[in-house]
Amino acid sequence: MKNIYNCPHCGKKSFTPWKKAFAGQLNSPGKVCVECGQKCVNGKGATIFNAVFSTICFALMVAVYLKAPDFWGTEHEWIAFWEVPIVIGLFLLKIFMPKLVNAFFFKLEPAIRIDAVK
């Protein structure tokens, strides 16, 4: 894969979409730039998107879990049959969608997390 994203520290193209996807949000340790050695993360927008998206997915998982047994014998009984695959799909979506969005939509920023051990 080709490096297409610029490092916020040195300005050189040193991040691929794959590496940027796993750089994480502001609370993560980030990924090291191969050119300058500084750590970079996806910015504030990525952190907000991840928090909102994860909250929505979790709320939908709880709603499906609580409401699916009530639908047996009604015209919406398909949701009771598909309860487990829907919850598993929402869980996987909660894990992979923020990484996909981080890879292409948010800019890189310098890491602000201070780690005790280096």
Could you note down all residue pairs passing ring-ring contact (aromatic ring centres under 6.0 Å, His included) where residues 20-49 supplies at least one of them, sequence neighbours left out?
W18-F22, F49-F53
Sequence neighbours excluded, the answer for side-chain contact (heavy atoms from CB on, under 4.5 Å) partners of Y65 is E83
N42 (side chain) donor-acceptor with K20 (main chain) under 3.5 angstrom:
yes
Quick one: do M61 and I56 end up in the same hydrophobic cluster if we chain Ile, Leu, Val, Met, Phe, Trp and Tyr together by side-chain heavy atoms under 4.5 Å apart?
yes
Give every donor-acceptor pair under 3.5 Å between a side-chain atom in residues 96-111 and any protein atom, sequence neighbours left out.
| from | atom 1 | to | atom 2 | distance (Å) |
| --- | --- | --- | --- | --- |
| N102 | ND2 | P98 | O | 3.2 |

Check the hydrophobic clustering (I, L, V, M, F, W, Y; side-chain heavy atoms under 4.5 Å; chains of links allowed) and say if L60 and W82 are grouped together.
yes
Counterpart residues, side-chain contact (heavy atoms from CB on, under 4.5 Å), relative to S14 (two or more places apart)
C7, C33, V34, E35
F58-L90 co-clustered via ILVMFWY side chain contacts under 4.5 Å:
yes
Could you tell me the separation between the CD1 atom of I4 and the CZ atom of F15, rounded to the nearest 0.5 Å?
12.5 Å
Under 4.5 Å between side-chain heavy atoms, counting indirect links through other Ile/Leu/Val/Met/Phe/Trp/Tyr residues: same cluster for I95 and L93 or not?
no
Just jot down the side chain to side chain donor-acceptor pair (under 3.5 Å) partners of S54, sequence neighbours excluded, or say none.
N50
Quick one: do C40 and H9 satisfy side chain to side chain contact (heavy atoms under 4.5 Å, CB included)? Show the steps, please.
CA-CA 8 Å; C40 303; H9 295 285; 3.7 Å; yes
Check the hydrophobic clustering (I, L, V, M, F, W, Y; side-chain heavy atoms under 4.5 Å; chains of links allowed) and say if L92 and V84 are grouped together.
yes
side-chain contact (heavy atoms from CB on, under 4.5 Å) partners of V32, counting only residues at least two apart:
K39
Considering all heavy atoms of both residues, which atom of T16 and which atom of N3 are nearest to each other, and what is their separation?
CG2-OD1, 3.0 Å
